Asks: 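Following this message is one structure expressed as structure tokens.
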Amino acid sequence: MKRYSGFSLFKNALSYHENWQKIWRSPKPKSDYDVIVVGGGGHGLATAYYLAKVHGITNVAVIEKGYLGGGNTARNTTIIRSNYLWDEAAQLYELSLKLWEGLSQELNYNVMFSQRGVLNLGHNLQDMRDIERRVNANRLNGIDGEVVTPERVKEIAPLINISRDCRYPILGASWQPRGGTARHDAVAWGYARGADALGVDLIQETEVTGIRRKNGAVVGVETTQGFIGARKVACVTAGNSGVVAAMAGLRLPVESRPLQALVSEPVKPCLDTVVMSNAVHGYISQSDKGDLVIGAGVDGYNGYGQRGSFHVIEHTLQAICELFPAFSRVRMNRQWGGVVDTCPDACPIISKTSVDGLYFNCGWGTGGFKATPGSGYVFADTVANDRPHPLAAAFNIDRFNTGALIDEHGAAGVAH
Amino acid sequence: MLLIHCPHCREDREEEEFHYSGEAHIVRPLEPENLSDEEWGDYLFFRKNPRGIHHEMWHHTAGCGRYFYATRNTVSYQILETYMVGEKPQHTADSAGASQ
Amino acid sequence: MKAVNRLGSGARTDSAKTINFTYNGKPLQGVAGDTLASALLANGVNLVGRSFKYSRPRGIVGHGAEEPNAIMQIGSGAGTVPNLKATQVELYEGLEAASVNGWPSVNFDLMAITGWFGRLMPPGFYYKTFMYPAKLWMTYEHFIRKAAGLGSSPVQNDPDSYDKLNQHCDVLVIGAGPAGLTAAREAARAGARVIIADEQSEFGGSLLASTDIIDGLPATEWLDAIVAELQGFANVQTLPRSTAFGYYDHNFVGILERRSDHLGLTAKTGARQRLHRVRAKQVVLAAGAFERPLVFAHNDIPGVMQASSVSTYVNRYGVAPGNDLLLFTTNDNAYQTAIDWHNAGRTVVAVVDSRLNPTGERVAAVTALGIQVMAGHGVIEAQGGKRVKRALVAQLNAEGTQVIGPVTKIACDLIASSGGWSPAVHLSSHTGAKPQWDASIVGFRPGKSQQQERSVGACGGTYTLRGCFEEGASAGAQAAMLAGFGDDSLMFPVPEVLDIQEQPQQALFLVPHTKSTSRAPSQFVDLQLDVSASGIELAVREGLESVEHIKRYTAMGFGTDQGKLGNINGMAILANALGQSIAETGTTIFRPSYTPTTFGAIAGRDVGELFDAERYTAVHRWHVEQGAMFEDVGQWKRPWYFPKQGETMQEAVDRECLAVRSSVGILDASTLGKIDIQGPDAAEFITRMYTNSYLKLAPGKCRYGVMLKEDGMIFDDGVCACLAENHYLMFTTTGGAAAVMAWLELWKQTEWPDLQVYFTSVTDHWSTATITGPNARKVLAKVCDDLDLSADSFQFMDWREGTVAGAKARVFRISFTGELSYEINVPAHYGRHVWEALMEAGEEFDITAYGTESMHVLRAEKGFIIVGQDTDGSMTPADMNMDWVVNKNKAFSFIGKRSLERSDSVRENRKQLVGLKTLDGAEVIPEGSQIVFDSKQQIPMSMQGHVTSSYYSANMGHSIALAVVKGGHSRLGQTVYCPLANGRTIAAEIVSSVFYDPQGERQHVE
């Protein structure tokens, strides 16, 4: 892999950019792999990367039905934070955040991780109790965070409305300075380039249509390019997990819902942090390009249509205009939807299954993007060693039978 | 934004009047105590979540307050029918598969 | 400045009526009917902006929604609007416009220095650099952000309001050009309710700039007639200045009507903009098409324009944006521009046609005017600084892929280009329909949609005027028929137009240069985002194959014009680089908004005080008059505490709490949810929902119950009273009322429809005053003479119907304070009267109104939980030390029962409710504090629980707290620690959660 740098850019400019190396190869699939990762989104590519990098397993293919990073990686609002309530979730997201902090250098690919901080607003007394509880838990877990006053919120985000006269005044917030945003596409591309350089085959435009098993163990996958053998199959197909699970005769405690987002036209810098509100129901940040990037909760019904209902957008913009009255005259440039797999406890499933050699990583709901590096890291470890990584153990699918759920509804971004 | 026919009101009404209430036709076990943790967990949390024809419950929250069932395609969002609790759907994944 | 390019009045402007405006502070004049763009062009303004990435000078290119360059900041102060396209801004007196990029000014731009380094900024360059040293990225980013963005957001609150109209119609016609107008007329005549919307200031679409003759009339006169005809139908609503921005499921279309933007910066009266939420039975899409520019070197220099835009400025606005025109085309259609320019009295230098042998009727007409036609040629490069000075023209091979002849320099100041047309498939695409490539029209046609819609005219790929009329009329008739009107036959003759014979166009997406694409001067594809053909080829060279990857890597189509001009060329260039057909490569999916849509308009009225409904109790005004502080609980405004003059919150709460336990207090408890339950199976049903049994609850009796979700976790709690045989009243928590109601209905309707039981929410029907304290009975006795209040007769957990202060009342002897309490429910409209009567009766006992804060303190003294504060969705009754409320011997396995037996529910060491008593009684532990057993442990610490409720208790004389602690029930007497954010640690002893009156004797006071 040729390294990227300012110097390489200059050198290539001299030759009219005619000599850049391919970011990744376009290989024909081999007949057999040690591990097949189903799904070439951020999590799947990170899984493949860490399998190769950390565990030395390089005979790996990532099979993607569309293009790399084309699912929720391409459709999210890029918020990164680790201020989750429960130990299990907080430790997983904090591992992820630590990986984010060195990711551009690790991958030699600038994922534009911008640690501009995340505010989670509180609008009523119970919000503030929950914020205190969560920030205290974060602090004792070694995760940065503090509870801040409305005045401090205003310093961090000057256009926000902290008047006490509005319908749900801001009473305070949690503030995680190490949180922020990243360039979503670059994360997928960076992991893809890194995995490819380590020998992983990235196979695009190829759909897995079946999971072949023999004596209760995985032997490979059927694809639109024919059968491909594998000793282990790791499924990371957000928005389609139930469909892929059904191929192996499994059911999941997952429902797939539309999650919508929108951006404004680009405007000059006017919001230097990420602002999220559970009670008023919306979140907003500003991309480096200048777009206000806005999202809210999932739509009410199951749907794979990558689009949702307009009234959800209306409510979201009511929330944004309530928090930032000055943005009322800014205009929506584009809106879209993704498909998120939601679990009953708003926590993911990172798990072995009842089929030997078959693993699932799914159910990230609205919060998957921020987890990309950590998810790939612990999932690769789980697959490589055929036992849960210590940080993945609590996310076993068995918790839905034992009842040991990890209820993160309060911290999972937008409450439902 | 969906336009939903409430079979009780016998009117097409805006989605905003309704609440989605999950998969339909899940029958509560008669003797929960006799189920294993796995069987009970399956009843509680595990869902079909199909890509395509889905039978689901809706509540006409801001209307008549009644629950009813709908057969909806989760990809096209087309609603093939709505029907009363206790009734069987006319459209199923098999019948729709033939017509698609 | 003189309006050097003003020809006179155009078809839709009146040069006698001047309008003053300013551009970058400079006063200019336009005329009535002008857009900002036509007025700027009339004044000879070449340069309207700087490009996003390279800061290259840019001029006006188009005349409508497709404009990529002329992005303006309109107005200043609170009403300012960023990023409006000058081509869509109607001129009004006093309009202030400013270009958005360029520092210190758009004419002299220091940022243009980045242009010199343009070669260092190919697509994806961000990803390849700014990585080292890692800590500098935030600094790099600061400067990247500063350079990005277009206009500026307002910083003040929006002075305008916005409203919404929910509309239903039989036929919605989007676009009022020739196809849309005839469609609307046919549908209207058939009797359908029709809405026809168009984004422009007036109806007509392409006809507004047309020189055609229709039914023997000039196009614009014919247009006026049909518009008047449409307006004459009672069943037609015409919506000019109304953009259909999104097409959603089940034929729901969002239309933004700009009501006042053409009159001034802010609305003088009423709403500035209106969102029409239209549910249509049938939709006719007649949204037109966009002319496709030709991609050649330095095609971004001001003075390179769309051919149809040049014609529009000449014909519609009476503005000639230059002097010496060179027309570059691949089709017959654009020859009209040469004719229009010639007729305007300006010079056509040449027509350059990439086709070898153009012979259509318009070609002949141009030749007849003596204009030179250079067939088989292309403009390979434009030259000039801030304005085109010349075109480099060369002979091309037949396929248009190579320069095969010498390069000729032709002086000109305007290059009009036309590469054919691209249907506006955007709205159709919103429905999920995938556009299909059709080589015969060299464009994407709308795909197959699941919605009740059809695309007609140019947006369906039909470009002849006759074709548009025919398709529009039959689509209108068909849509009406499908909506239940008419029989699909046409009611009007199709308008007569002259047929002009045209030859096929050539597909030309990238004009070759003498140098390779990577070495030629930039050939721009997406002008707003500085995406060039070489950038697309580079992305392919780097291994990107998917059109979505290219879009994301280069940013093509991500601008505020959403790639209306550039996308098709870009996809074709990509296909060529990949060695694929355009059909194989496909297109990206267009998403709403078709054009940018104001946030405030989408939000509508539901902001500010109307953001969410406020619910008040019947006694609310009294609380306000008493100076109560309020707390938001769901939508309710509840009195939080009642401070007296000069009191702090703590002082007020102390006073209120002491008053309750020493004499009597009064609480407005009206917000508690109340559900009236009736039917022969009511007791059975309630018993299935609560953890305890109600089968033997007699009339006149109450019982406290806990409700679980099926996962065994506490969901709600409250008292349920038996009002009469088969008649119950269930109280819920304030926040849980609606959810509990839906929950009951869910089980009744879907699982046990055979049970005869009926629910009615009666929360708002009753006003509830709780009087509590040792003197409560005395107070009640003063205003109630028909109830025997004696302790023996009216016992704890009884209820009685009687008369209180003259009002029929239900009085419940239940207690959330541990004191003798009566919850007095009266019909809501008597609420304030009864409240005031109780206040008056209690005066001699110094009756004290208290709020939710004191309510919380008093119940915490008794260890009573609040669902949602002391529980969080992961707590069972056993965790709350409330096994006494769970009847495991009920015949029916109540909701949630089975889950209580799961391995995790019976696990040792679950978090359990306990009391905490700080070693220093004056110290109140902050709510939400985490609890550890080992205060010396290094971070990360092992957290064992958290504080759910914590107060200073004036009655106890020390602080009290409720907490959930792992294994807490077996840890009484142990010391735990709460490490605070400020570095201090509070030590506390685990005690019983019941602090006050553990024997429960207080409520039996005589």
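A quick note: this is a predicted structure, and the numbers were derived from the prediction, not measured. Order of the sequence lines fixes the chain letters, A, B, ..., with proteins taken first and strands second; residue numbering starts at 1 for each chain.
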Asks: Counting only non-hydrogen atoms closer than 4.5 Å, does C:Leu900 touch chain B with its backbone (N, CA, C, O), its side chain (CB onward), both, or neither?
Replies: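 Contact with chain B involves no heavy atom of C:Leu900 at all.
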
Asks: Is it the backbone or the side chain of B:Leu30 that comes under 4.5 Å from a heavy atom of chain C, or both, or neither?
Replies: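 Neither part, no heavy atoms under 4.5 Å.
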
Asks: Would you mind checking which part of B:Tyr43 comes under 4.5 Å of any heavy atom in chain C, side chain (CB onward), backbone (N, CA, C, O), both or neither?
Replies: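 When you check distances to chain C, only side chain atoms of B:Tyr43 fall under 4.5 Å.
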
Asks: Answer yes when C:Arg277 and B:Glu16 have at least one side-chain N-carboxylate O distance shorter than 4.0 Å, and no when they do not.
Replies: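 Looking at C:Arg277 and B:Glu16, the cut-off is met.
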
Asks: Answer whether the closest heavy-atom distance between the side chains of C:Gln450 and B:Tyr77 falls below 4.5 Å.
Replies: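 No, too far: nothing below the 4.5 Å cut-off.
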
Asks: Heavy atoms only: give me the nearest C:Ala742-B:His59 pair and the separation to one decimal.
Replies: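 Heavy-atom minimum between the residues: CB-CE1, 4.2 Å.
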
Asks: Relative to chain B, which of C:Gln451, C:Arg902, C:Glu710 shows the most heavy atom pairs under 4.5 Å?
Replies: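 Heavy-atom pairs under 4.5 Å are most numerous for C:Glu710.
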
Asks: Working to the nearest 0.5 angstrom, can you tell me the gap between C:Glu745 CD and B:Ser21 OG?
Replies: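 That separation rounds to 11.5 Å.
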
Asks: In terms of heavy-atom pairs under 4.5 Å, which option from C:Ser899, C:Ala738, C:Gly432 contacts chain B the most?
Replies: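 Going by pairs under 4.5 Å, I would pick C:Ser899.
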
Asks: For the CD atom of B:Glu39 and the CZ atom of C:Arg898, what is their distance to the nearest 0.5 Å?
Replies: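 Reported value, rounded in 0.5 Å steps: 9.0 Å.
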
Asks: With a 4.5 angstrom heavy-atom cut-off, which part of B:Leu2 approaches chain C: side chain, backbone, both or neither?
Replies: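 B:Leu2 touches chain C through backbone and side-chain heavy atoms alike.
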
Asks: Look at C:Met741, C:His250, C:Lys897 and state which one has the largest set of heavy-atom pairs under 4.5 Å with chain B.
Replies: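 Option with the greatest count: C:His250.
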
Asks: What part of C:Phe894 is in contact with chain B, defined as an atom under 4.5 angstrom from a non-hydrogen atom: side chain, backbone, both or neither?
Replies: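 The answer is the backbone of C:Phe894.
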
Asks: Give a yes or no on whether a salt bridge exists between C:Lys281 and B:Asp12, defined as a side-chain N under 4.0 angstrom from a carboxylate O.
Replies: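 Answer for the salt bridge query: no.
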
Asks: May I ask you to test the C:Leu746-B:Met57 pair for a side-chain heavy-atom distance under 4.5 Å?
Replies: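 Yes, close enough: below the 4.5 Å cut-off.
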
Asks: Side chain, backbone, both or neither: which part of B:Glu33 has a heavy atom under 4.5 Å from chain C?
Replies: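 B:Glu33 touches chain C through backbone and side-chain heavy atoms alike.
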
Asks: side-chain contact (heavy atoms from CB on, under 4.5 Å) between C:Asp249 and B:Glu15: does it pass, once the steps are laid out?
Replies: CA-CA 11 Å; C:Asp249 281 291; B:Glu15 180 191 334; over 6 Å; no

Asks: With a cut-off of 6.0 Å (strictly less than), are more than 12 heavy atoms of other residues, nucleotides or ligands near NE2 of B:His8?
Replies: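 Counting other residues, nucleotides and ligands, NE2 of B:His8 exceeds 12 neighbours.
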
Asks: Once you round to the nearest 0.5 Å, how far does CH2 of B:Trp40 lie from CG of C:Asp711?
Replies: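 Answer rounded to 0.5 Å: 10.0 Å.
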
Asks: Rounded to the nearest 0.5 Å, how far apart are CZ of C:Phe252 and CE of B:Met1?
Replies: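 Between C:Phe252 CZ and B:Met1 CE, I get 3.5 Å after rounding to 0.5 Å.
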
Asks: On a heavy-atom basis, which atom in B:Asp37 and which in C:Ser903 lie closest, and how many Å separate them?
Replies: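 Looking at all heavy atoms of both residues, the closest pair is OD2-N, 3.6 Å.
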
Asks: If you count the non-hydrogen atoms of other residues, nucleotides and ligands that lie under 6.0 Å from NZ in C:Lys890, is the total more than 12?
Replies: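 Yes - once you tally the heavy atoms of other residues, nucleotides and ligands closer than 6.0 Å, there are more than 12.
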
Asks: Are B:Glu14 and C:Arg279 close enough for a salt bridge, meaning some N to O gap below 4.0 Å?
Replies: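 Salt bridge present between B:Glu14 and C:Arg279.
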
Asks: Is C:Phe759 close to chain B through its backbone or its side chain, or both, or neither, when contacts mean heavy atoms under 4.5 Å?
Replies: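 It is neither, since no heavy atom gets under 4.5 Å.
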
Asks: I'd like to know if the side chain of C:Gln749 reaches the main chain of B:Gly65, judged simply by a donor and an acceptor atom lying under 3.5 Å from each other, with no hydrogens or angles considered.
Replies: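 Checked: pair present.
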
